[in-house]
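Ligands are counted one by one from 1 in listed order, and the atoms in each one are counted from 1 as well.
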Amino acid sequence: MARKKHSIQQSLNDQDVAGNGLLHRRLFLQGGAAMALSGYAANDITEAAEGLPVEPWMRFPTTEGFAPYGSPSRFEKHVVRTGMQQQANAPPGLGSIRTPLHRLDGTITPNGLHFVRLHSGVPDIDPDKHRLLIHGLVDRPLIFTLDTLAKYPMESRIYFLECGGNSQTLYLRKPIQAGVQRIHGQICTSDWTGVRLSTLLDETGVKPNAKWIVAEGADASGMARSVPLSKIMDDAFIALYQNGERLRPENGYPMRLFLPGYQGNAQVKYLRRIKVTEGPTHTRDETSRYSIARHDGTTLQFFLVMEAKSVITQPAPELKLQGPGYYKISGLAWSGRGRGIVRKVEVSADGGKSWAEAAIQSQILPKATVRFHMPWRWDGRPAILQSRCTDDTGYVQWTRDAMIAERGHTGNYHTNCITSWAVNEKGEVSHVYA
Ligand SMILES: Nc1nc2c(c(=O)[nH]1)N[C@H]1C(S)=C(S)[C@@H](COP(=O)(O)O)O[C@H]1N2
Ligand SMILES: [Mo]
């Protein structure tokens with residue numbers, strides 16, 4: 001028995017693929033690792049098999065489980081959105097609540113946990129009274145109700161939605177001491193269903209000099225954003241359903257603009273108007289905000305595509321390691337560039353000195369998050385965990401140093417640099433710059 005154990009240990013040690021205990025990504029598929037991870041000795045298992053408990057709920061049926069709208073197990077009450085519901089000195093309804101990335105697996109975000117970013121709270125819109133107006137440089141301005149939209153062909157696509165301000169604290173000079181939820185919890189993925197805008201614009205017709213549109217929401221923030229007509233005709237749509245149900249009020253009920261791979265802010269919720277224009281409108285939300293200030297004093301305007309990015313969600317500062325041993329590093333990767341395909345994700349356990357390719361456990365879909373994982377043998381000594389994403393254009397997620405060199409500390413948006421989680425001897429995880 002002891003000999004056997006030794007050989008498993010030996011084969012695990014032979015699987016090192018990068019510094020500080022990163023193991024080959026296929027290790028989890030092999031029997032040896034499963035045995036090493038279970039932690040039970042063979043005679044414990046025999047004993048357990050003989051004495052499997054018969055619990056009360058196995059003896060008597062319950063009458064539970066027929067709720068009109070289901071909710072998670074009572075043991076999952078801690079899996080909630082958190083964040084700033086109301087910032088000090090801010091106008092009412094300005095803030096965000098963020099997704100508990102460290103508590104989720106897979107790629108689809110449950111609707112009740114999708115991050116919420118609001119500039120004036122949620123308007124209480126009656127869907128029967130809501131109208132969408134398409135006008136401006138069109139041949140025939142048209143008004144659509146929910147009922148008329150429902151008659152058009154719809155498409156369902158799985159796409160990520162990330163706030164342009166997600167992770168923006170990485171621009172700060174000192175790493176904030178917060179978890180993955182606070183720092184990165186504004187990236188989610190859903191199955192969105194709606195009507196392509198190209199279909200609706202075929203109906204209205206578009207004048208030859210039309211090159212942009214401006215989209216306007218029906219909330220008090222007056223959210224309005226300009227989008228190139230090329231994007232609108234390519235893959236933009238009016239989203240009506242999110243993971244099979246009507247959009248949640250917080251996420252734009254009854255309809256929102258959806259722009260695959262673009263920054264969240266441009267995906268105008270409570271959409272009530274699309275005006276076809278010659279050029280960008282230069283609205284408040286695209287001039288005072290959501291442009292990227294650069295170190296050389298210039299500004300990147302209409303910088304709408306979210307670039308390749310990844311983040312380790314387990315371990316994370318919210319999750320302490322329980323002593324040396326085998327761990328599964330897991331996280332999300334995505335890109336809005338090119339076709340939006342994640343080509344590979346690499347993981348480092350030594351602060352970026354050496355890297356190894358992670359396994360992808362989800363489907364690889366354009367402009368959607370993918371879930372990666374990587375086996376790791378933690379020896380109990382300090383380590384720095386990082387991940388980096390490469391997309392189909394060959395773009396590699398950059399380091400924080402490279403990002404700061406180009407954008408300085410005032411950059412604020414599109415923070416797609418590598419994140420570093422430091423693990424100390426106690427197994428505590430914290431956010432560092434490495
Ligand atoms: N009308 C309107 N649209 C809006 C916003 C808003 O406050 N009002 N917030 C924007 C921002 S900043 C982001 S990141 C996304 C967030 O979408 P979500 O709240 O569904 O996650 O919606 C965008 N669209
Ligand atoms: Mo945002």
Problem - Proximal ligand 1 atoms for Leu118, defined as those under 4.0 Å from one of its heavy atoms - result: 7 (O)
Exercise for the section: Return the orientation label for the Phe302 and His282 ring planes: parallel under 30°, perpendicular over 60°, tilted otherwise. Expected result: perpendicular
Problem - side-chain contact (heavy atoms from CB on, under 4.5 Å) partner of Lys367, chosen from Ile341, Leu259, Asp235 - result: Asp235
Exercise for the section: Starting from atom 5 (C) of ligand 1, find the nearest protein heavy-atom neighbour and note its residue, name and distance. Expected result: Lys269 CE, 3.6 Å
Problem - Numbered atoms of ligand 1 (with element) below 4.0 Å of Tyr290, judged on heavy atoms - result: 12 (S)
Completion exercise
Restricting to heavy atoms, the pick from Arg117, Arg256, Met223, Gln267 nearest atom 17 (O) of ligand 1 would be Arg256
Exercise for the section: Would you mind telling me if ligand 1 is within reach of the side chain of Phe115, the backbone, both or neither, using heavy atoms under 4.0 Å? Expected result: both
Problem - Exam field: side chain Trp378 to backbone Tyr327, donor-acceptor pair closer than 3.5 Å - result: no
Fill in the blank from the handout: The answer for which part of His114 has a heavy atom under 4.0 Å from ligand 1 is side chain
Exercise for the section: Please determine if Asp392 and Arg339 form a salt bridge, counting it only when a charged side-chain N lies under 4.0 Å from a carboxylate O. Expected result: no
Problem - Where ligand 1 meets Gly264 - atom numbers and elements under 4.0 angstrom, heavy-atom basis - result: 13 (C), 14 (S), 15 (C), 22 (O), 23 (C)
Handout entry: Lys/Arg N to Asp/Glu carboxylate O, Arg371 vs Asp105, below 4.0 Å
Key = yes
Exercise for the section: Please determine if Asp350 and Lys353 form a salt bridge, counting it only when a charged side-chain N lies under 4.0 Å from a carboxylate O. Expected result: no
Practice task
Can you sort out which atoms of ligand 1 are near Cys163, meaning under 4.0 Å from one of its heavy atoms?
Solution key: 14 (S)
Fill in the blank from the handout: Hits for side chain to side chain contact (heavy atoms under 4.5 Å, CB included) against Thr169, two or more places apart or cross-chain, chain-then-number order -> Leu172, Ile176, Arg182, Ile183
Handout entry: Atoms of ligand 1 close to Val116 [distance to a heavy atom under 4.0 angstrom, numbered from 1]
Key = 19 (O)
Handout entry: Ring centroid separation Phe144 to His130 under 6.0 Å
Key = no
Handout entry: Ligand-residue contact atoms, ligand 1 with Tyr270, heavy atoms, under 4.0 Å
Key = 1 (N)
Problem - Structural part of Asp219 in contact with ligand 1, heavy atom criterion under 4.0 angstrom - result: side chain
Practice task
Would you mind running through ligand 1 and noting each atom that sits below 4.0 Å from a heavy atom of Asn265?
Solution key: 10 (C), 11 (C), 12 (S), 13 (C), 14 (S), 23 (C), 24 (N)
Practice task
Over 60° means perpendicular and under 30° means parallel, so classify the ring planes of Tyr159 and Phe258, tilted if in between.
Solution key: parallel
Exercise for the section: Would you check whether Ser120 has a nitrogen or oxygen atom less than 3.5 angstrom from a nitrogen or oxygen atom of ligand 1? Expected result: no
Completion exercise
The atoms of ligand 1 lying under 4.0 Å from a heavy atom of Asn251, numbered in the order shown, are 18 (P), 19 (O), 20 (O), 21 (O)
Exercise for the section: For ligand 1, indicate whether the residue Tyr253 contacts it via side chain, backbone, both or neither (heavy-atom separation under 4.0 Å). Expected result: neither
Exercise for the section: State whether a side-chain donor-acceptor pair under 3.5 Å links Thr145 with Asp147. Expected result: no
Exercise for the section: Would you kindly specify which portion of Leu271 sits under 4.0 Å from ligand 1, judged on non-hydrogen atoms: side chain, backbone, both or neither? Expected result: neither
Handout entry: Donor-acceptor pair between Lys309 and Ser167 side chains, under 3.5 angstrom
Key = yes
Exercise for the section: Would you mind checking which non-hydrogen protein atom is closest to atom 6 (C) of ligand 1, with the distance to 0.1 Å? Expected result: His119 ND1, 3.6 Å
